[in-house]
Amino acid sequence: MFAAERRQLILEMVRANGAVSLRELARVVQTSEVTVRRDVRALEAEGLLDRRHGGAVLPGGFTRESGFPQKSHLSTAEKTAIADLAAGLVGEGEAIVVGAGTTTQELARRLARVPGLTVVTNSLLVAQALAHANRVEVVMTGGTLRGSNYALVGSGAEQSLQGLRVSRAFLSGSGLTAERGLSTSNMLSASVDRALVQAAAEVVVLADHTKLGSDTMFQTVPTELITRLVTDEPPGHDERAATELQALADQGVEITVAGPDAESAAGDALPPGRQSRQDMPLPGQRRTTQSGHGGPGGLGPQLRSAAAMGEGPVGRVADLRRR
């Protein structure tokens, strides 16, 4: 494929999806990430797109939301690894809320095996994934159907969540930064996500590395309300994603990285002078522990269950904590 053809295809992908990772672009145009990075740089010089930490977005500073058909084919391996790890945080008999998104849909498929679980959701895709799970009760919000992501939104959805209280919320979004937290490009979706957060004692964000550092129009969860981020291992050259992870950890967010060598890779990804989990003290009052104090014997049940996933096929887990 000639350079002009590659760049036209790259431009079409970005226009169709709003944001695409270099890894995905390289796979589609069947070339190396180095070549794709050079093409993206050339297109940015022409004002046709903007470069972003390991990817490319529409020009103008904010990424826009892709439709479900496009998003379902992006970063599929990363979403699978994230969903596998996040499912280990859910225990038998819990009540949780799960927001809309392709990553949360992957999570729902794995939650079908958790007995006695109650899942409250505004996502038709999440409900469909759990529809035939005999031991899982699904509670759907009201609201108006938003066809682009098969989610119920609007005042009906928000009102149905009033007075609800569950152990934790699992949410995804279009972008995540340490400065603004989780965000999305649709006002109605953002409003429902905020209502889901209000119903939960803890908030777990599921976001692959391409969303780290991306900022979109409407804030859904400020950083101080995010309990844990489950993400995948950023590529070695993606310094911005690694820096964003550390910034989130410095603000008290527990970072869990899924990947074949997540623990060592996350340690390598930390900026100079930072420490990986084994060298970091546990946060003070932010997390609840079984024994009421930090230390090896005081890790909370959700942290232990996530660490246990390190024995499985997803790989080891790295929890980055603020110093």
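A quick note: this is a predicted structure, and the numbers were derived from the prediction, not measured.
- Side-chain contact between Leu171 and Leu196 is present, with heavy atoms from C-beta onward closer than 4.5 Å.
- Note that OH of Tyr150 is 8.5 Å distant from CG of Leu145, once rounded to the nearest 0.5 Å.
- Using modelled atom types, no side-chain atom of Ser189 and backbone atom of Asn186 make a donor-acceptor pair closer than 3.5 Å.
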Q: Would you sort out whether Val230 and Arg228 count as a side-chain contact (heavy atoms from CB on, under 4.5 Å), showing the intermediate values?
A: CA-CA 7 Å; Val230 183; Arg228 181 188 292 269; 4.0 Å; yes
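- Glu78 has its side chain within reach of Arg23: a pair of non-hydrogen atoms, C-beta onward, lies under 4.5 Å apart.
- At least one donor-acceptor pair closer than 3.5 Å links the side chain of Glu5 to the backbone N or O of Phe2.
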Q: For the pair Leu176 and Val221, evaluate side-chain contact (heavy atoms from CB on, under 4.5 Å) and give the outcome as yes or no after the intermediate values.
A: CA-CA 9 Å; Leu176 178 65; Val221 191; over 6 Å; no
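- A donor-acceptor contact shorter than 3.5 Å links the side chain of Thr220 to the backbone of Leu182.
- A donor-acceptor contact shorter than 3.5 Å links the side chain of Thr121 to the backbone of Val98.
- A side-chain donor-acceptor contact under 3.5 Å links Thr227 to the backbone of Val203.
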Q | Verdict with supporting geometry, Lys211 and Thr231, side-chain hydrogen bond (donor to acceptor under 3.5 Å, both in side chains) | A | CA-CA 10 Å; Lys211 297 178 181 178; Thr231 187; over 6 Å; no
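- The pair Asp208-Lys79 does not meet the salt-bridge criterion, since no charged nitrogen lies less than 4.0 angstrom from a carboxylate oxygen.
- No donor-acceptor pair under 3.5 Å is formed between the side chain of Ser172 and the backbone N or O of Ala207.
- Rounded to the nearest 0.5 angstrom, Arg109 CZ and Thr104 OG1 are separated by 10.5 Å.
- The shortest distance between side-chain heavy atoms of Val97 and Phe170 does not fall below 4.5 Å.
- Checked options Arg51, Arg38, Arg7, Arg37; the residue passing with Glu44 is Arg51 (criterion: salt bridge (charged side-chain N to carboxylate O under 4.0 Å, His left out)).
- In this structure, the separation between OG on Ser123 and CD on Gln105 is 7.0 Å, given to the nearest 0.5 Å.
- Interatomic distance, CZ of Arg113 versus CG of Leu130, reported as 11.0 Å (0.5 Å rounding).
- Residue Val253 comes nearest to Leu229 through the heavy atom pair CG1-N, 3.8 Å, listed as atom of the first residue, atom of the second, then distance.
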Q: Show the numbers, then the answer: is there a side-chain contact (heavy atoms from CB on, under 4.5 Å) between Ser183 and Asp215?
A: CA-CA 7 Å; Ser183 61; Asp215 202 1; 3.8 Å; yes
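- Ion pairing between a basic and an acidic side chain is recognised when a charged N comes within 4.0 Å of a carboxylate O; Glu94 and Arg168 show such pairing.
- Scanning both residues, Arg165 and Ala200, for their nearest heavy atoms gives NH1-O, 3.3 Å.
- At least one side-chain heavy atom of Leu225 sits less than 4.5 Å from a side-chain heavy atom of Pro222.
- Under the 3.5 Å distance criterion, with hydrogens and angles disregarded, no donor-acceptor pair is assigned to the side chains of Ser167 and Glu202.
- Proximity of a side-chain donor or acceptor of Arg180 to a complementary backbone N or O of Gly175 within less than 3.5 Å is not detected.
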**Q.** Verdict with supporting geometry, Met140 and Leu124, side-chain contact (heavy atoms from CB on, under 4.5 Å)
**A.** CA-CA 8 Å; Met140 295 207 67; Leu124 298 186; 3.5 Å; yes
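- Between Val139 and Glu137, some side-chain heavy-atom pair lies under the 4.5 Å cut-off.
- Val36 and Val34 sit in two unconnected hydrophobic clusters of ILVMFWY residues. Membership requires side-chain heavy atoms under 4.5 Å apart, directly or through other members.
- A donor-acceptor pair under 3.5 Å is formed between the side chain of Asn122 and the backbone N or O of Leu152.
- Closest of all the heavy-atom pairs between Leu206 and Ala86 is CD2-CB, 3.6 Å.
- In terms of heavy-atom proximity, Ala157 sits nearest to Thr141 at CB-OG1, 3.8 Å.
- Interatomic distance, CG of Leu161 versus CZ of Arg194, reported as 13.0 Å (0.5 Å rounding).
- Contact of the Ile255 side chain with the Leu248 side chain is registered, since non-hydrogen atoms from C-beta on lie closer than 4.5 Å.
- Here the straight-line distance linking atom CG of Leu111 with atom CD of Glu106 works out to 11.5 Å at 0.5 Å rounding.
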Q.
Apply side-chain hydrogen bond (donor to acceptor under 3.5 Å, both in side chains) to residues Thr216 and Ser174 and explain how you reach the verdict.
A. CA-CA 7 Å; Thr216 50; Ser174 303; 4.8 Å; no
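- Phe218 and Ala190 get closest at one heavy-atom pair: CB-CB, 3.6 Å.
- Listed here is the closest heavy atom pair of Ala178 and Thr223: O-OG1, 2.8 Å.
- A donor-acceptor contact shorter than 3.5 Å is absent between the side chain of Thr35 and the backbone of Thr31.
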